[in-house]
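Comments concern the structure below.
Being a predicted model, the structure only gives us computed values, none of them experimental. The basis for the numbers below is simple: all heavy atoms, side chains too, and nothing from hydrogens, waters or symmetry mates. Lettering follows sequence order; numbering is per chain, from 1.
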Amino acid sequence: MPEGHTVHRLARTFDTLFAGQGLRVSSPQGRFADGAGVLDGRRLVASEAWGKQLFLGFAPADAPADAAAGLPADVSDAQVRGVSSASDTLWLRTHLGLYGAWTFAGAPDAPEVAHAIGAPRRRIGERDSVPTSAPPSSDVWEVPEPRGQVRVRLLGVHAVADLTGPTACEVITTDEKRVVEARLGPDPIRDDGDADAFVAAVGRSRVTIGQQLMDQAVVAGVGNIYRAEVLFRAGVDPLRPGRDVPAATVRAIWDDLVVLMRDGADHGAIVTTRPADRGAGTVAEGGAEPVPAPGRGQTRQNTDGSPDAVPSDQAFYVYHRDGLPCRVCGSPVLVKELAGRNLFWCGVCQT
DNA sequence: TTGGAATGGACAA
DNA sequence: TGTCCCTTCCAAT
């Protein structure tokens, strides 16, 4: 379940596992058989994320191999290095939507991917799980069977990646990729993220700031969690029209997104609470933290498993905390359905 | 065994 | 605004 940070993490993972390799591409489920046939045998020469979109660049199978590990930062670099020209590169564009996921498994000698590979098999963009591959003693890696509805399988030298449940999965040209990117707003995780463009877009519309943050043409990569959390941290009422939010505040929201989302990409989990506001989870005094409502499971996150990770029930100020006391002021966190999505906020702290 | 819910988005009206 | 699609997991029957 990806917001932009997950997709950037995925891009890094593909780089680590498959950079420069010729890949076997298939569609176990069958729904991407044509596209898989086009890409099969091509070599992965780029791995990019923009917002929630993942672009994997494939050079023709007969293009000269690139000895150096790591992928060029973009196609123009690839051209300079003679790896692949923009015109003969094909891109696999995928978007995970609400419940798509990439699952990785690797041979014992595969590179570690932020604890996301090897036994146990782990799924990035969703849940962990499931046994894996070969006994460590075996010197031939036994590739695991696809599990579930696998739209695309990429098989490299020592690792395999399976895609399930994407909302988008298609092969496009470099020109078509540019068209997709032109529709996207700036991405706070990318170095080319344009803060001015974000501030300007928000300021010229009376659409609420809460809705604008979910609009990928305004800012790419923000989802329901970052939307709720960044507005809480800024003390801004999500229902305020964008043009009524001071430009300096909008700028501060961007700056906060840069920090939060890059941290999310590095660690695999969204954590927005400041340490002082965590504790048992609520205002300093006044009794025990209420137990979260039953049936409201923990928000699943694909962390890097580090032992000092913030527990998921302490990671957020307002997301999925409706009815619970605000961590700062103690008043109940509010929830309201807006444009088909749940919006969470504190009616006291956010004005 | 069934049915919501989930961190999305495209498209129609 | 509403409807539909994609897939999995877990709580409720």
Side-chain angles (χ1 to χ4, degrees), chain A residues 1-10 27-32 35 49-54 93-103 121-130 146-153 162-170 179-180 183-185 187-189 207-208 210-232 238 257 260-261 263-265 267-272 292-303 312-313 315-322 335-345:
Chain A
M1 309 285 213
E3 298 197 15
H5 70 297
T6 303
V7 184
H8 280 267
R9 201 170 162 80
L10 281 167
S27 178
Q29 175 200 54
R31 293 186 49 177
F32 188 64
W50 188 323
K52 300 167 186 174
Q53 312 260 352
L54 177 69
R93 178 183 81 91
T94 61
H95 189 302
L96 293 175
L98 203 47
Y99 41 68
W102 282 100
T103 303
R121 189 175 184 186
R122 178 162 295 191
R123 170 172 296 213
I124 289 189
E126 250 288 29
R127 62 210 76 73
D128 321 84
S129 75
V130 182
R147 183 167 161 274
Q149 295 291 311
V150 175
R151 186 80 56 87
V152 186
R153 158 164 283 202
D162 288 345
L163 174 65
T164 57
T167 198
C169 176
E170 62 173 355
V179 171
V180 171
R183 290 199 302 261
L184 296 171
D187 178 344
I189 300 179
V207 173
T208 63
Q211 279 180 268
Q212 292 207 68
L213 283 171
M214 291 287 278
D215 182 346
Q216 300 301 298
V218 172
V219 53
V222 172
N224 209 16
I225 297 180
Y226 282 122
R227 180 256 294 259
E229 295 295 307
V230 81
L231 285 171
F232 178 89
L257 284 172
L260 292 177
M261 295 180 72
D263 181 77
H267 298 101
I270 302 175
V271 175
T272 61
R296 178 163 45 187
Q298 308 274 333
T299 298
R300 282 192 295 250
Q301 301 209 61
N302 28 284
T303 69
S312 61
D313 63 353
F316 310 133
Y317 282 105
V318 290
Y319 179 77
H320 266 192
R321 295 193 77 245
D322 47 303
V335 63
K336 168 181 183 171
E337 190 164 321
L338 187 68
R341 309 299 299 277
N342 282 323
L343 170 66
F344 304 89
W345 81 107

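One interatomic measurement links the two molecules: CD of A:Gln211 to P of B:dG8, which rounds to 14 Å at whole-angstrom precision. At whole-Å resolution of the value, CG in A:Leu54 and C1' in B:dG8 are 15 Å apart. Atoms CG (A:Asp322) and P (B:dA6) sit 9 Å apart, rounded to a whole Å. Counting to the nearest Å, the C1' atom of C:dC4 and the CG atom of A:Leu98 are 13 Å from each other. Between the CG atom of A:Asn224 and the P atom of B:dA5 there is a distance of 15 Å, given to the nearest Å. Atom-to-atom, CD of A:Gln149 to P of C:dC5 comes out at 16 Å; the value is rounded to the nearest Å.
Close to C:dC5, at under 4.0 Å from its OP1 or OP2, lies no side-chain N or O of A:Arg31. In this model, the phosphate group of C:dT7 is approached by a side-chain N or O of A:Arg151 to a distance below 4.0 Å at OP1 or OP2.
Counting non-hydrogen atoms under 4.0 angstrom, A:Gly340 reaches nothing in the nucleic acid. Counting non-hydrogen atoms under 4.0 angstrom, A:Glu337 reaches nothing in the nucleic acid.
Spacing of P atoms, B:dA13 relative to C:dC5, comes out at 15 Å, to the nearest Å. Between the P atoms of B:dG9 and C:dC9, the separation comes to 22 Å (whole Å).
Nearest heavy-atom pair across A:Leu213 and A:Arg227 is CB-CG, 3.9 Å. Scanning all heavy atoms of the two residues, the minimum distance from A:Arg93 to A:Ala168 falls at NH2-CB, 3.5 Å. Nearest heavy-atom pair, A:Trp102 versus A:Thr94, reported as atom, atom and distance to 0.1 Å: NE1-OG1, 4.0 Å. Between A:Ile270 and A:Ala315, the shortest heavy-atom distance links the atoms O-CB, 3.6 Å. Here the closest heavy-atom approach between residue A:Cys169 and residue A:Arg151 is recorded as SG-CG, 4.2 Å.
Here the nucleotide nearest the side chain of A:Asn342, chosen from C:dT8, C:dC9, B:dA6, is B:dA6.
Taking the six-membered ring where tryptophan is involved, the planes of A:Tyr317 and A:Phe232 are essentially parallel, since the angle between them stays under 30° and well short of 60°.
Rounding to the nearest 0.5 angstrom, the gap separating the CG atom in A:Leu338 from the CD atom in A:Gln211 is 4.5 Å. Atom NE2 of A:His8 and atom CG of A:Leu54 lie 9.5 Å apart (nearest 0.5 Å). Atom NE2 of A:His320 and atom CD1 of A:Ile225 lie 8.0 Å apart (nearest 0.5 Å).
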Show the distances under 3.5 angstrom between N or O atoms of the protein and N or O atoms of nucleotides 9-13 of chain B.
from: B:dG9; atom 1: OP1; to: A:His95; atom 2: NE2; distance (Å): 3.2
from: B:dG9; atom 1: OP2; to: A:Lys52; atom 2: NZ; distance (Å): 3.3

Read 5' to 3' with Watson-Crick or G-U pairs under 3.5 Å, [ ] for crossing pairs and | for partners on another strand, DNA chain C gives |||||.||||||.
